[in-house]
There are 2 protein chains.
Amino acid sequence: MSQRHALLATLTAQPMTGYELVKYFDGSFAYVWSAPHSQIYPELRRMERDGLVGVEVVPRGERAEKRVYSINEAGLAELQRWEREPTPYQSERDPYRLKAAHFEQATYEAARHQLQEHLRHFARALRDWEQMLADLDARRVSLLRRRLEQRPEEEHEAIVAFRKLAFRGEVLKARAEIAWAEEGLALLDELEGKGVPLRGER
Amino acid sequence: MSQRHALLATLTAQPMTGYELVKYFDGSFAYVWSAPHSQIYPELRRMERDGLVGVEVVPRGERAEKRVYSINEAGLAELQRWEREPTPYQSERDPYRLKAAHFEQATYEAARHQLQEHLRHFARALRDWEQMLADLDARRVSLLRRRLEQRPEEEHEAIVAFRKLAFRGEVLKARAEIAWAEEGLALLDELEGKGVPLRGER
DNA sequence: CAGTCCATGTAATAAGTTACATGATTAG
DNA sequence: CTAATCATGTAACTTATTACATGGACTG
């Protein structure tokens with residue numbers, strides 16, 4: 001049920017429309033938490049029903065409207081309850097690692113392509129996150145500025161530091177995945193160079 | 001639809017019962033891919049229906065029976081198709097990072113506890129994987145031995161190397177997560193030492 | 001006035017979790 | 001004889017994905 005908490009946490013910065021939340025969870029934050037609009041809109045309605053968010057219907061242009069959601073006290077309490085309670089560690093499902101464990105069923109070309117995509121994906125993530133860390137330091141992130149404006153000065157350091165901590169985790173993870181993909185590509189070169197056959201080549 | 005491919009890939013080592021597969025995906029491999037029995041048994045039935053696996057009903061004891069599944073040619077073809085086709089990179093959902101990004105809504109105690117659990121979880125994963133790498137090198141893994149017995153000698157090097165590659169990825173990831181949790185714990189000590197207040201402490 | 005963005009939904013299907021349910025076999 | 005392990009399911013519920021669907025507002 002973290003979907004709900006992801007939305008509540010984002011709404012602590014400022015009131016937002018579903019559309020703005022959709023963009024947020026489809027932007028660079030999607031490396032941490034992503035959600036399609038088909039999950040966001042219904043969840044906002046459910047949270048409204050459950051009294052965790054308030055809604056203001058604002059006209060836009062002549063004929064259209066938009067629904068601006070804001071977190072209320074019950075929503076904040078629920079977010080804090082979730083933040084304080086431990087999140088257990090359980091199941092993982094990593095299709096890339098699963099696939100690599102059985103690369104002998106692929107071809108050298110296919111295996112290489114997959115690892116190159118891995119590299120590309122995490123290299124991009126790394127660039128995005130390092131940029132984000134720099135932007136956070138320079139207070140260039142508008143959502144962060146909004147968040148800080150609402151809180152007393154003495155809390156600012158922690159708010160920025162925790163945001164950076166999360167992104168720092170993504171940086172470390174991306175570097176590990178890049179190193180792994182490089183090891184994998186080197187292995188493929190070595191095996192193919194030696195002429196080691198793969199079952200999947202047939 | 002990787003569930004199916006995880007099962008097919010495991011069955012390339014040897015014919016197995018659903019129960020044996022359940023244990024496998026609940027053991028140390030669960031850090032890569034986990035599945036509960038409520039997903040495994042029905043999926044095996046579906047794969048049987050779809051002609052990807054064969055089944056032999058073997059008596060066990062006086063009254064009981066067990067169903068031993070083996071991958072067939074169509075199943076192998078499907079596994080190889082999946083191995084050769086690229087797996088796209090999309091959405092991530094990391095509740096631990098999401099939580100850390102908003103630790104200001106928690107308490108120092110709760111945040112510290114979560115990161116200590118993170119450390120413990122990945123330290124255990126690291127131990128398990130390093131042990132597994134050593135066992136693979138020494139050919140101490142029975143499933144691996146079964147897998148190798150069935151394949152010509154010249155393929156052995158690749159089979160072992162890919163298995164190790166996957167586990168090596170888990171080792172790198174575990175180390176990155178451990179380093180992250182340690183950074184986080186140091187940050188919490190620093191902030192609390194300075195007396196920086198958290199909204200969630202109220 | 002055309003294309004892009006803003007904005008919000010629903011429906012069908014697929015996948016995943018948790019609980020309920022049962023019974024034989026084997027080792028000590 | 002009892003506990004652990006072997007063995008296999010189903011049901012109810014929750015989540016997630018993908019596709020279908022619509023229409024106003026703004027920019028050039």
Side-chain angles (χ1 to χ4, degrees), chain A residues 1-7 10-11 15-27 30 32-50 53 55-69 82 87-95 98, chain B residues 1-8 10-11 15-27 30 32-50 53 55-70 82 87-95 98:
Chain A
M1 249 249 180
S2 306
Q3 187 63 259
R4 169 167 291 205
H5 303 108
L7 293 170
T10 309
L11 287 172
M16 291 168 102
T17 64
Y19 185 77
E20 287 173 293
L21 287 161
V22 167
K23 273 190 308 175
Y24 181 69
F25 289 107
D26 191 43
V32 169
W33 195 270
S34 71
H37 78 277
S38 64
Q39 269 189 290
I40 289 173
Y41 289 115
E43 185 60 39
L44 287 168
R45 291 282 184 166
R46 280 191 291 270
M47 290 196 295
E48 189 194 345
R49 183 201 63 198
D50 296 345
V53 295
V55 93
E56 196 191 351
V57 178
V58 174
R60 116 189 123 93
E62 287 297 287
R63 263 167 296 274
E65 290 180 334
K66 60 182 175 180
R67 303 170 59 80
V68 180
Y69 292 90
W82 177 74
T87 299
Y89 288 79
Q90 290 162 336
S91 52
E92 294 270 345
R93 285 191 175 189
D94 188 329
L98 174 64
Chain B
M1 246 246 180
S2 305
Q3 187 63 258
R4 170 168 290 205
H5 303 108
L7 293 170
L8 287 172
T10 308
L11 287 173
M16 290 168 103
T17 64
Y19 185 76
E20 287 174 292
L21 287 160
V22 167
K23 273 190 307 175
Y24 182 68
F25 289 108
D26 192 43
V32 168
W33 195 271
S34 70
H37 78 277
S38 65
Q39 268 189 290
I40 290 174
Y41 289 115
E43 185 59 39
L44 286 168
R45 291 283 184 165
R46 279 191 291 270
M47 290 197 295
E48 189 194 345
R49 183 199 65 198
D50 296 344
V53 295
V55 89
E56 197 192 350
V57 178
V58 174
R60 117 189 122 92
E62 287 297 288
R63 264 168 297 273
E65 289 180 334
K66 59 182 175 180
R67 303 170 61 79
V68 180
Y69 291 91
S70 49
W82 178 74
T87 299
Y89 289 79
Q90 289 164 335
S91 52
E92 295 270 348
R93 285 191 175 190
D94 189 329
L98 173 65

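Any value given below was found using the heavy atoms of this structure, including those in side chains, with hydrogens, waters and symmetry copies removed. Labels below follow one simple rule: chain letters A, B, ... track the order of the sequence lines, proteins then strands, and each chain is numbered from 1.
For B/Arg46 and B/Glu43, the salt-bridge test passes: some basic side-chain N is under 4.0 Å from an acidic carboxylate O.
For the atom pair CG (A/Leu44) and CZ (A/Arg4), the distance works out to 10.0 Å, reported to the nearest 0.5 Å. Here B/Glu65 contributes atom CD and B/Arg60 contributes atom CZ; the two are 9.5 Å apart, rounded to the nearest 0.5 Å. In this structure, CE on A/Met47 lies 8.5 Å from CD on A/Gln3, to the nearest 0.5 angstrom.
For the pair B/Ser34 and A/Arg67, both in contact range of DNA chain C, the more 5′-proximal nearest nucleotide belongs to A/Arg67. Mapping A/Gln3 and B/Val68 onto DNA chain D via the closest heavy atom, the residue that lands nearer the 5' end is B/Val68. The 5' end of DNA chain C is approached more closely, in terms of each residue's nearest nucleotide, by A/Thr17 than by the other of B/Gln39 and A/Thr17.
Regarding B/Glu65, its CD atom lies at a distance of 11 Å from the C1' atom of D/dA7, rounded to whole Å. Here D/dT8 presents its P atom at 16 Å from CZ of B/Arg46, a figure rounded to the nearest Å. Spacing between atom CZ of A/Phe25 and atom P of D/dT15 amounts to 16 Å, rounded to whole angstrom units. If you measure from atom CE of B/Met47 to atom P of D/dT8, you get 13 Å, rounded to the nearest angstrom. A straight line from CD1 of B/Ile40 to P of D/dC6 spans 15 Å, rounded to a whole angstrom. In this structure, B/His5 places its NE2 atom 15 Å from C1' of C/dA15, rounding to the nearest Å. What separates CG of A/Asp26 from C1' of D/dT17 is a distance of 14 Å, to the nearest Å. The interatomic distance linking A/Lys66 (NZ) with C/dC6 (C1') rounds to 9 Å, in whole Å.
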| query | Can you give one letter per nucleotide of nucleotides 23-28 of chain C, going 5' to 3': B for a protein heavy atom under 4.0 Å from the base, S for sugar-phosphate only, - for none? | reply | BSS---

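Among the nucleotides D/dT17, C/dT17, C/dG9, the one closest to the side chain of B/Arg93 is D/dT17. The side chain of B/His37 has C/dC20 as its nearest neighbour among C/dG9, C/dA7, C/dC20.
Evaluation of atom-type donor-acceptor distances gives a pair under 3.5 Å for the side chain of B/Ser38 against the base of C/dT18.
A 4.5 Å side-chain heavy-atom check between B/Leu11 and B/Leu21 finds at least one atom pair inside the cut-off. Using a 4.5 Å heavy-atom threshold, the side chains of A/Thr10 and A/Tyr69 count as separate.
When the side-chain nitrogen and oxygen atoms of B/Ser91 are compared with OP1 and OP2 of D/dT17, one or more of them lie within a distance under 4.0 Å. One finds no side-chain N or O of A/Tyr19 lying less than 4.0 angstrom from the OP1 or OP2 phosphate oxygen of C/dT8. Phosphate contact (OP1/OP2 of C/dG9, side-chain N/O of A/Tyr41, threshold under 4.0 Å): absent.
Closest heavy-atom contact between B/Ala6 and A/Leu98: CB-CD2, 3.8 Å. Considering all non-hydrogen atoms of both residues, B/Val57 and B/Arg67 come closest at CG2-NH1, 4.0 Å. Nearest heavy-atom pair, A/Ile40 versus A/Val22, reported as atom, atom and distance to 0.1 Å: CD1-CA, 3.7 Å.
From one end of the helix from C/dC1-D/dG28 to C/dG28-D/dC1 to the other, with five pairs defining each end axis, the axis direction shifts by 30° (rounded to 10°).
Distance alone, capped at 3.5 Å, places no donor-acceptor pair between the A/Ser2 side chain and the A/His5 backbone.
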